[in-house]
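Atoms within each ligand, like the ligands themselves, are counted from 1 in listed order.
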Amino acid sequence: MPFQSEKKIIDMPVGPGHDMEEKLSWATFIFDSLGNEMKNDPTISRLLNDYREKIRETWRTMKEYGVVEECTRCALQDGGSCCGQGIENKFDVVTLLVNLLLGVNLPRKPWDPTGCWFLGPRGCLLEARHVICVNFICKRLYASVSGKGIMEVQKAMQAETDTAFVLEEYLKGWLIRHE
Ligand code: SF4
């Protein structure tokens, strides 16, 4: 079903930057208009499942090698946080749309006004995170996680971000074809 609205996909803000309310409004609009059709597309459905699996594998590997434990210790005991205000500006509409397709409720405003828009009381609220969120390994982690652990975690992260890239590129082409 093509868009039945004043809004045209060609006008969608492309790339990072732009106002978060504007990007959220576009992602929600596309999801409400075409979300069901997207989910019924066999390629999108396969790519979403593959992506879900890769995300799960990254978290599993991070738990196995102590990354989650160390990040929790850093946040709760030492007041650390990698999720600072402004990181949300790196997100574009398509990544927000992917979150909606994965069943995420996107917050309409930040829970912590000094943190990233998507930071909740128990960490990140998103399933589909930006590549800089997924790939970031700080000095503390390099010091506390084994070399094998770092390698395995990086392998899982790479698989996740590669899958995200393929999915997002497919979605962009799909949206243009369905305009
Ligand atoms: S991991 Fe989530 S909360 Fe943290 S910076 Fe990335 S998007 Fe924001």
Residue Arg177 excluded, over 12 heavy atoms near CZ under 6.0 Å = yes
Should we say atom NZ of Lys90 is surrounded by more than 12 heavy atoms from elsewhere, each under 6.0 Å from it?
-> no
Just checking, any donor-acceptor pair under 3.5 angstrom between side chains of Thr58 and Arg129?
-> no
Find all atoms of ligand 1 within a distance of less than 4.0 Å from any non-hydrogen atom belonging to Ile87, and give their numbers and elements.
-> 5 (S)
Atom CG of Leu175 and atom CG of Leu34: how far apart are they, to the nearest 0.5 Å?
-> 7.0 Å
Provide the number and element of each atom of ligand 1 under 4.0 Å from a heavy atom of Leu119.
-> 3 (S)
Just checking, any donor-acceptor pair under 3.5 angstrom between side chains of Glu53 and Asn49?
-> no
Nearest protein heavy-atom contact for atom 8 (Fe) of ligand 1: which residue, which atom, what distance?
-> Cys116 SG, 2.3 Å
Name the closest protein heavy atom to atom 2 (Fe) of ligand 1, giving the residue it belongs to and the distance to 0.1 Å.
-> Cys124 SG, 2.4 Å
Check ligand 1 against Phe118 and write out every atom of the ligand that is under 4.0 Å from a heavy-atom position of the residue.
-> 3 (S)
Any Trp117 heavy atom less than 4.0 Å to ligand 1 = no
Nearest protein heavy atom with distance in Å, relative to atom 6 (Fe) of ligand 1 | Cys133 SG, 2.3 Å
Check whether more than 12 heavy atoms from other residues, nucleotides or ligands sit under 6.0 Å from atom CH2 of Trp111, and answer yes or no.
-> yes
Rounded distance (nearest 0.5 Å) linking atom CZ of Arg108 with atom CG of Asn105 | 9.0 Å
Quick one: which ligand 1 atoms are inside 4.0 Å of a heavy atom on Phe91?
-> 7 (S)
Whether Cys83 has an N, O or S atom under 2.8 Å from atom 2 (Fe) of ligand 1 | no
